[in-house]
Protein chains: 2
Amino acid sequence: MQATMSDEMLELIAQRFRLLSDPMRLRILHQLQAGEKSVTELVEATGASQPNVSKHLSTLRTHGLVRRRQEGNMAYFSIGAPFIFDVCNTVCDSMKDELEQKTSLLGQIG
Amino acid sequence: MQATMSDEMLELIAQRFRLLSDPMRLRILHQLQAGEKSVTELVEATGASQPNVSKHLSTLRTHGLVRRRQEGNMAYFSIGAPFIFDVCNTVCDSMKDELEQKTSLLGQIG
DNA sequence: ACACTCAATGCTTACATGGTTATATGTTTT
DNA sequence: AAAACATATAACCATGTAAGCATTGAGTGT
């Protein structure tokens, strides 16, 4: 990170994190990691309502995190910003590490 | 990321991102990157009110992102989860990349 | 004990956001 | 053109949360 950080920059970064701060959106993105999916497929996979999925997809698209392709009646969505998975992996790794630390501490006690 | 993702796991990941989704908290963390700082120092550096800073520090601490050390009258805070900077760097890099892409596209047009 | 300083804690307000329901738009099929 | 299907949008409600303000709590020095 830089030495100084402008307000706009901070706002942009925060915004990106905010997009990733919702379980349902994470679920959608997780599904898209396997490849392009239609709205209906995402509805089935996530268990959310169709309007809910559509709205999330809309906000994700507005911010460039997913792409949309229309084919006939259906809309196919796919990942639009690969950085997502780098970020998620980093977070998952950190959680795994912390979990292991706690586990090993428990091992020392027991 | 794994093939399947439990609800609790998604909630935990989302929670971490939520912590990073606020500009003021990012500002605080950014300040702490340079090293341990007291609340007063953070108040001065961020321009926020003291209660506001304290509250953010409290939530960050609750989730293990910062550590607290008391010395006499003052409380010194420091980064408690190094993964933060990996994540932030990934996001910053992605934004830089996208910016460069847009810039080069503009170059092609102009 | 008192005053002073640093930090934390309610309390309230204002605003953003996620979810639901109902409806609209758009496309294919009959 | 009418019905059926896929997706998007609008209106609404409930909840969460960030910021401000006043206050309390905790430590230090007189």
* Starting at the 5' end of DNA chain D, what dot-bracket string do you get if Watson-Crick and G-U pairs under 3.5 Å are bracketed, crossing pairs use [ ], other-strand pairs use | and unpaired bases use dots? -> ||||||||||||||||||||||||||||||
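What separates CD of A/Q70 from P of C/dT25 is a distance of 15 Å, to the nearest Å. Atom-to-atom, CZ of B/R61 to P of C/dA8 comes out at 8 Å; the value is rounded to the nearest Å. D/dA18 atom C1' lies 19 Å from atom CZ of A/F17, rounded to whole Å. Here D/dA6 presents its C1' atom at 18 Å from NZ of A/K37, a figure rounded to the nearest Å. What separates CZ of A/R69 from C1' of D/dA8 is a distance of 18 Å, to the nearest Å. Following rounding to the nearest Å, B/E71 (CD) and D/dG27 (P) show an atom-to-atom distance of 14 Å. We find that CG of A/L57 is positioned 13 Å from C1' of D/dA6, with the value rounded to whole Å. The distance from atom CD1 of B/I28 to atom P of C/dA8 is 11 Å, rounded to the nearest whole Å.
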Provide a list of protein-nucleic acid N or O atom pairs under 3.5 angstrom, restricted to nucleotides 1-6 of chain C.
| from | atom 1 | to | atom 2 | distance (Å) |
| --- | --- | --- | --- | --- |
| C/dT5 | O2 | B/N73 | ND2 | 2.8 |

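Looking at heavy atoms from C-beta onward, A/S54 lies in side-chain contact with A/Q50 at the 4.5 angstrom threshold.
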Enumerate, atom names and distances included, each donor-acceptor pair closer than 3.5 Å involving a side-chain atom of residues 99-107 of chain A, sequence neighbours excluded.
| from | atom 1 | to | atom 2 | distance (Å) |
| --- | --- | --- | --- | --- |
| A/T103 | OG1 | A/L99 | O | 2.7 |
| A/S104 | OG | A/Q101 | O | 2.9 |

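Under the side chain to side chain donor-acceptor pair (under 3.5 Å) criterion, the residue pairs touching residues 67-78 of chain A are A/E36-A/R69, A/R68-A/Q70, A/R69-A/E71, with sequence neighbours excluded.
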* Once each nucleotide of nucleotides 10-22 of chain C is scored for protein heavy atoms under 4.0 Å, what B/S/- sequence comes out, 5' to 3'? -> -B-----SSBBBB
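Residues that satisfy the side chain to side chain contact (heavy atoms under 4.5 Å, CB included) test with A/D86, not counting sequence neighbours, are B/T90.
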